[in-house]
Every structure is written in structure tokens, then in C-alpha cells.
Amino acid sequence: MRLGIVLLPQLRWRDAAPRWRRAEEMGFDHAWTYDHLAWRDLADEPWYATVPTLTAAAAVTETITLGTWVASPNFRHPVPFAKELLTLDDISDGRFLLGVGAGGLGWDADVLGHERLSPGERVARLAEFVDLLDALLTGERTTWSGEHYRAVDARMIPGCVQTPRVPFVVAANGPRAMAVAARLGQGWATTGPETDDEEAWWRGVRETVSRLDDVAAAHGRTDLDRYLSLDTSAYSLSSVDHFEEMVGRAGELGFTDVVAHWPRESGVYAGDERVLEEVASRLPQLR
């Protein structure tokens with residue numbers, strides 16, 4: 001079991017940098033930040049850009065893997081985004097994971113004034129987004145004409161540090177998006193269903209895993225890493241015992257990786273950093 005931590009991009013860098021260094025010192029396997037322009041109840045709070053944040057994090061860390069939890073097509077085009085990913089992979093010396101998903105119906109879906117897409121249309125857009133990113137990051141020149149995107153002789157030189165490209169971790173709860181993970185992902189991620197009932201959430205996660213098993217088998221995939229965000233129905237770091245219980249249950253369901261959120265002072269993911277410190281001291285026993 002690998003264990004990760006999400007740091008929301010809300011602090012000025014002078015305050016955020018020590019947290020990213022501390023995540024590495026604590027022994028977490030990977031550290032992530034959200035890829036949004038604004039997010040839910042925090043939309044009117046400070047919020048910084050994803051790629052510059054991860055680039056700065058790469059410069060103040062040495063070993064921890066860094067990632068997007070998760071990027072979406074809501075406000076991104078694959079061509080400039082691929083160039084950013086290639087550069088981030090280089091600056092981090094191959095320590096970058098691309099978490100990517102279909103995108104929701106929140107702030108990011110509306111901020112550019114685009115017409116909202118149906119769930120099926122968002123999944124179709126995700127498939128093309130990931131297909132084109134794959135083509136861009138594995139080739140020096142790419143020309144593409146699709147339903148959602150175009151590219152004309154897009155150059156990606158010298159290519160990624162990681163081969164054949166940066167790994168994709170595709171977030172998906174339904175079979176069509178899971179098929180994207182099975183085709184092009186090195187990993188699959190889920191937050192489980194939206195519910196405040198923790199036991200109902202675990203039942204939903206189990207059902208989601210079963211769907212993924214079927215899709216992966218249909219594509220002949222037995223090697224997908226499986227990532228679970230622990231903090232959808234209840235905050236995993238509310239206590240050390242709670243965190244350890246959740247990690248254990250995730251392992252029983254076959255997850256290879258879990259992700260929790262750095263405690264905030266109030267609101268979503270509110271918690272005590274002393275719990276985080278105690279959990280960090282137990283990471284070797286949790287793996």
C-alpha cells in the first residue's frame with residue numbers, strides 16, 4: 001500500500017513550500033494538489049494555479065512523487081497542457097503523475113462560458129482528451145482532428161523523462177470512463193459515491209471496484225494501480241485509529257494506493273495536524 005497526501009493550493013508559497021517539504025520528510029509516497037480554477041465552498045478563498053504549484057513543489061523536494069488530483073478538460077486544451085506536463089516531468093526528474101478525469105459541473109465547467117455537457121458527453125470528451133494527450137506525449141509531432149480538439153503539427157520535443165510518457169491515473173466511476181483507464185491508464189482512481197453515510201460509502205466503493213474489475217478484465221488489464229481518496233464521506237484523519245481502519249479496508253478491496261488531505265483549520269477537511277504527524281510516524285507499519 002502506498003500512501004499519499006493532498007495539499008490544496010490555498011497558501012502563499014512562502015507558507016506552502018514547508019508543507020510540501022514536510023510531506024516528503026514524513027514519508028508519504030505521493031503528494032497531490034487539486035486542478036481547479038475555483039472549488040466548491042472555497043471558491044471565494046485564495047486559490048493558486050496547479051502546474052506552477054507542482055513545479056515549485058518539484059523544486060523544493062527530491063524524492064516524493066507529485067500529481068494532479070485530478071486534471072480535467074473543463075478549462076484545458078491538450079496541446080498547451082501537454083507542453084506543461086512535459087516540462088513538469090522534466091523539472092521533477094520523472095516524479096510526476098497525471099491524475100485526470102472527466103470534470104464535474106462546478107465552477108470550472110462554467111467559467112469559460114461553455115455550454116454544459118451531459119455526463120455522456122463529458123466522458124466522450126475525456127476519452128478524446130486522454131487519447132490526444134497520449135499521442136502528444138509519445139510523439140514529436142502530432143496532427144489531430146476530433147470532435148472536441150484539433151492539433152496541427154504540435155511539437156513535443158524532447159519528450160518526457162519517463163518513458164514512454166508520464167503515467168496517467170484516470171479517475172472513473174462508470175464503465176465508459178473506466179474503459180479509458182483500462183486503455184491508456186497506468187492507474188485508476190475513485191472518490192467513491194457522494195454520501196455522508198460512511199458505511200454506505202464503503203458499499204458504493206465495493207460496487208465501483210467490482211465494475212472496474214469487469215472493465216479491466218475485458219481489456220486484459222491486470223496491472224492497473226488502484227487509487228482511493230479516503231475523504232469523501234468522512235475525514236480519514238479525524239483520528240489515527242480512523243485512518244488506520246480506512247487504510248485497512250481499502251487494502252482489503254484491492255487498492256494499491258490511498259490519498260488523504262492535509263488538515264485545514266476549518267470547513268472541509270478540518271482537522272488537527274498532530275493527527276497527521278502521528279499517522280506519518282506509523283506509515284511504515286501501514287504499507
Side-chain angles (χ1 to χ4, degrees), residues 32-40 43 49-52 54 67-89 96-157 159-160 162 164-191 211-212 215-216 218-219 221 224 227:
W32 312 76
T33 200
Y34 280 8
D35 189 41
H36 294 285
L37 299 178
W39 186 66
R40 297 188 183 183
T50 304
V51 173
L54 290 172
T68 51
W69 193 267
V70 298
S72 85
N74 270 339
F75 58 92
R76 294 195 178 279
H77 189 285
V79 172
F81 192 38
K83 185 70 75 169
E84 292 177 345
L85 300 178
L86 183 153
T87 305
L88 180 51
D89 184 55
F96 176 66
L97 286 173
L98 175 65
V100 61
L105 295 176
W107 300 95
D108 297 341
D110 298 331
V111 68
L112 298 182
H114 295 158
E115 182 179 348
R116 285 196 172 191
L117 303 181
S118 69
E121 290 170 332
R122 294 203 309 276
V123 172
R125 181 183 63 175
L126 170 67
E128 186 176 333
F129 187 78
V130 174
D131 282 337
L132 181 49
L133 281 176
D134 176 66
L136 289 161
L137 292 172
T138 56
E140 289 190 354
R141 298 187 178 195
T142 302
T143 295
W144 182 279
S145 181
E147 181 179 354
H148 299 279
Y149 303 107
R150 291 176 59 85
V152 180
D153 202 18
R155 292 165 170 81
M156 295 292 157
I157 302 170
C160 296
Q162 300 177 84
R165 54 157 167 76
V166 301
F168 295 170
V169 178
V170 180
N173 285 332
R176 289 180 58 197
M178 287 173 175
V180 179
R183 285 194 302 107
L184 292 172
Q186 284 63 54
W188 161 72
T190 184
T191 59
R211 286 195 295 274
L212 188 278
V215 173
H219 286 79
R221 292 296 302 273
L224 273 177
Y227 292 74

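Quantities reported herein were computed from a predicted structural model and do not represent experimental measurements.
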Looking at [X] and [Y], what are the two nearest heavy atoms and their distance?
X	Y	answer
T50	Y34	OG1-O, 2.8 Å
L224	G187	CD2-N, 3.7 Å
Q186	P167	OE1-CA, 3.3 Å
P78	L136	O-CD1, 3.4 Å
A189	W69	CB-CH2, 3.8 Å
G101	P73	O-CD, 3.2 Å

Are any side-chain N or O atoms of [X] and backbone N or O atoms of [Y], one a donor and one an acceptor, separated by less than 3.5 Å?
X	Y	result
N74	G104	yes
E140	M156	no
R211	N173	yes
T143	D153	yes
R116	L105	yes
T68	L98	no
W188	A172	yes

Exercise. So which pairs with a foot in residues 124-133 pass salt bridge (charged side-chain N to carboxylate O under 4.0 Å, His left out), sequence neighbours left out?
Worked result: D131-R183
Mind checking what makes salt bridge (charged side-chain N to carboxylate O under 4.0 Å, His left out) contact with [X], not counting sequence neighbours?
X	result
D35	R76
R122	none
D108	none
R176	none

To the nearest 0.5 Å, what is the distance between [atom1] ([X]) and [atom2] ([Y])?
X	Y	atom1	atom2	value
H36	F75	NE2	CZ	7.5 Å
Q162	L86	CD	CG	11.0 Å
F81	L132	CZ	CG	12.0 Å
I157	K83	CD1	NZ	7.0 Å
L97	W32	CG	CH2	4.5 Å
L37	W107	CG	CH2	11.5 Å

For this session: Return yes when atom CD of E121 has more than 12 non-hydrogen atoms of other residues, nucleotides or ligands closer than 6.0 Å, and no otherwise.
Result: yes
Problem set entry | Evaluation steps, side-chain contact (heavy atoms from CB on, under 4.5 Å), between L85 and L133 | CA-CA 10 Å; L85 300 178; L133 281 176; 4.3 Å; yes
For this session: Could you please spell out the steps behind the side-chain contact (heavy atoms from CB on, under 4.5 Å) verdict for L184 and R165?
Result: CA-CA 11 Å; L184 292 172; R165 54 157 167 76; 4.1 Å; yes
For this session: Write out all pairs satisfying ring pair (Phe, Tyr, Trp, His ring centres under 6.0 Å) with one or both partners inside residues 123-153, taking only residues at least two apart or from two chains.
Result: H77-Y149, F129-Y149
For this session: For a side-chain contact (heavy atoms from CB on, under 4.5 Å) with V100, tell me which candidate from V169, V170, V180 qualifies.
Result: V170
